[in-house]
Amino acid sequence: MRRIWPDPADLDETGLAAAYAQAPGVRVNFVASVDGAATLAGRSGGLGNPADQRVMGVLREAADVVLVGAGTVRAEGYDFVRPHMAIVSRTLDLDPDEFAEATVITVSSAPAERRSRFRDVVLAGDVDVDGAQAVRALQERGLGRILCEGGPHLLGTLEAAGVVDEFCLTLSPTLAGPGATRVTAGAPTTPQGMRLAHALTDDEMLFLRYERIIS
Ligand SMILES: NC(=O)c1ccc[n+]([C@@H]2O[C@H](COP(=O)([O-])OP(=O)(O)OC[C@H]3O[C@@H](n4cnc5c(N)ncnc54)[C@H](OP(=O)(O)O)[C@@H]3O)[C@@H](O)[C@H]2O)c1
């Protein structure tokens with residue numbers, strides 16, 4: 001892994017972990033093709049490679065909780081992520097055995113019978129989960145370093161709430177062509193400026209880390 005900006009240097013495991021040390025807040029991690037697609041054939045996996053998997057592992061190590069939308073859990077076939085996982089869902093169409101220990105963030109209109117299948121259920125809205133309420137609930141559980149691994153509708157929710165502090169984007173050297181979704185989806189939100197914190201490269205991948213501009 002090589003850092004190309006700032007301070008060019010080769011990074012070993014320790015250097016990579018230091019580059020991704022996480023402060024309390026919401027960090028988001030996505031992979032996209034160079035023409036802006038979030039998926040190939042409906043999944044992000046086709047855009048990734050071992051270098052991307054390595055960075056994903058480092059990001060998870062740095063976090064207290066991995067936060068994902070239920071659409072991503074289903075599309076990508078997620079297992080429970082240790083040390084902790086939080087899943088945002090309206091329908092609660094989730095495997096209650098696999099995700100028994102997860103924090104499930106849902107809405108008051110979610111089916112009561114399905115709610116009762118999970119140990120830790122947060123109600124963070126009536127019809128839509130509110131991003132700020134979801135983040136507060138995790139912070140109250142001592143899970144202050146939040147890593148959101150998507151997907152697009154959950155990112156749209158977090159952007160709408162103005163709670164995205166960091167954005168890690170892996171740029172995959174792929175032209176996906178038209179049709180795939182972007183990394184964000186949902187209702188329009190107010191654009192937010194970000195500053196580039198670092199650019200790394202390995203195995204043709206570009207790893208960009210952006211931070212919220214504190215004004
Ligand atoms: N490129 C990448 O890095 C990347 C990362 C992640 C995912 N993806 C891809 O993105 C696609 C999935 O997209 P997606 O937008 O459907 O993913 P998503 O945001 O993970 O899932 C959407 C689902 O999450 C729940 N949800 C999200 N926001 C909610 C809110 N504000 N209130 C209530 N529920 C909410 C709902 O679950 P229920 O349906 O259970 O109610 C909703 O249907 C897949 O193809 C996946 O492979 C790509």
Side-chain angles (χ1 to χ4, degrees), residues 1-7 9-32 38 44 48 50-69 72-73 76 78-88 101-103 105 120 122 124 129 131-152 154-171 183-184 192-202 205-215:
M1 185 72 64
R2 180 148 183 85
R3 181 167 57 221
I4 50 179
W5 193 90
D7 309 324
D10 288 325
L11 300 181
D12 59 10
E13 286 301 321
T14 308
L16 191 58
Y20 283 110
Q22 183 173 0
V26 178
R27 168 184 274 174
V28 170
N29 183 40
F30 274 90
V31 60
S44 63
D52 171 52
Q53 291 295 316
R54 183 177 171 211
V55 169
M56 209 170 158
V58 171
L59 290 172
R60 285 182 176 185
E61 283 287 313
D64 297 318
V65 58
V66 171
L67 172 67
V68 276
T72 295
V73 169
E76 305 276 344
Y78 264 67
D79 295 324
F80 182 78
V81 179
R82 299 202 178 278
H84 199 60
M85 183 179 191
I87 306 173
V88 174
E101 289 176 37
T103 296
I105 304 175
D120 187 25
V122 173
V129 165
Q133 283 187 47
V135 168
R136 243 188 337 270
L138 294 176
Q139 289 167 337
E140 284 165 7
R141 284 160 174 71
L143 305 169
R145 297 174 303 166
I146 300 165
L147 171 64
C148 174
E149 295 186 343
L154 179 55
L155 175 57
T157 294
L158 299 177
E159 288 176 329
V163 295
V164 176
D165 299 303
E166 263 191 56
F167 200 112
C168 296
L169 177 67
T170 300
L171 211 50
V183 298
T184 186
Q192 174 188 323
M194 304 289 280
R195 65 172 274 278
L196 181 64
H198 77 211
L200 315 183
T201 187
D202 190 21
M205 290 282 190
L206 201 52
F207 299 94
L208 305 170
R209 186 167 77 78
Y210 291 90
E211 292 174 341
R212 169 198 291 279
I213 297 170
I214 313 274
S215 52

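Bear in mind that the values here come from a model prediction, so they are computed numbers and not experimental data. Basis for what follows: all heavy atoms, side chains included, without hydrogens, waters or symmetry-related copies.
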- Heavy-atom check, side chain of Glu159 versus side chain of Gln192, under 4.5 Å: no
- Task: Determine whether Met1 and Met205 make a side-chain contact, defined as any pair of heavy atoms from C-beta on separated by less than 4.5 Å.
- Result: no
- Test Glu149 against every option in Leu67, Leu155, Val66 by the side chain to side chain contact (heavy atoms under 4.5 Å, CB included) rule and name the one that passes. Val66
- Item | Arg60 side chain vs Ala63 backbone, donor-acceptor pair below 3.5 Å | no
- Item | Partner of Val122 under side chain to side chain contact (heavy atoms under 4.5 Å, CB included), chosen from Val129, Val88, Ile105, Leu138 | Ile105
- Separation between CZ (Arg27) and CG (Leu147), nearest 0.5 Å, reads 7.0 Å
- Item | Within 6.0 Å of CD in Gln133, more than 12 heavy atoms from elsewhere | yes
- Atom pair CZ (Arg212) and CD (Glu166), whose distance is rounded to the nearest 0.5 Å: 10.5 Å
- Roughly how far, to the nearest 0.5 Å, is CG of Leu200 from CZ of Arg2? 10.5 Å
- Message: Which heavy atom of Ala134 sits nearest to which heavy atom of Ala124, and what is that distance?
- Response: N-CB, 4.1 Å
- Query: Between Thr157 and Gly131, what is the shortest heavy-atom contact and its length?
  - Reply: CG2-N, 3.7 Å
- Check step by step if side chain to side chain contact (heavy atoms under 4.5 Å, CB included) holds for Thr103 and Val65. CA-CA 10 Å; Thr103 296; Val65 58; over 6 Å; no
- Item | Closest contact, heavy atoms only, Gly151 versus Thr72 | N-OG1, 2.9 Å
- Task: Taking all heavy atoms of Ala197 and all of Pro6, pick out the closest pair and write down the distance.
- Result: O-CD, 3.4 Å
- For residues Ile4 and Leu206, determine if any side-chain heavy atom of one lies less than 4.5 Å from a side-chain heavy atom of the other. yes
- Find out whether Phe207 and Leu16 are in side-chain contact, i.e. whether some heavy atom of one side chain is under 4.5 Å from a heavy atom of the other. no
- Query: Atom CG of Leu143 and atom NE2 of His84: how far apart are they, to the nearest 0.5 Å?
  - Reply: 5.5 Å
- Query: What pair of heavy atoms forms the shortest contact from Leu11 to Ala19, and how long is it?
  - Reply: CD1-CB, 4.3 Å
- Message: Using every non-hydrogen atom in the two residues, find where Asp12 and Arg54 come nearest and quote the distance to one decimal.
- Response: C-NH2, 4.4 Å
- Query: Do Tyr20 and His198 have ring centres separated by under 6.0 Å?
  - Reply: yes
- Task: Check step by step if side chain to side chain contact (heavy atoms under 4.5 Å, CB included) holds for Glu76 and Val68.
- Result: CA-CA 11 Å; Glu76 305 276 344; Val68 276; over 6 Å; no
- Message: Just to verify, what does Arg145 make a side-chain contact (heavy atoms from CB on, under 4.5 Å) with, not counting sequence neighbours?
- Response: Gln22, Asp64
- Supply the atom-to-atom distance Cys148 SG to Leu154 CG, rounded to the nearest 0.5 angstrom. 4.0 Å
- Task: Report the distance from atom OG1 of Thr201 to atom CG of Leu171, rounding to the nearest 0.5 Å.
- Result: 10.0 Å
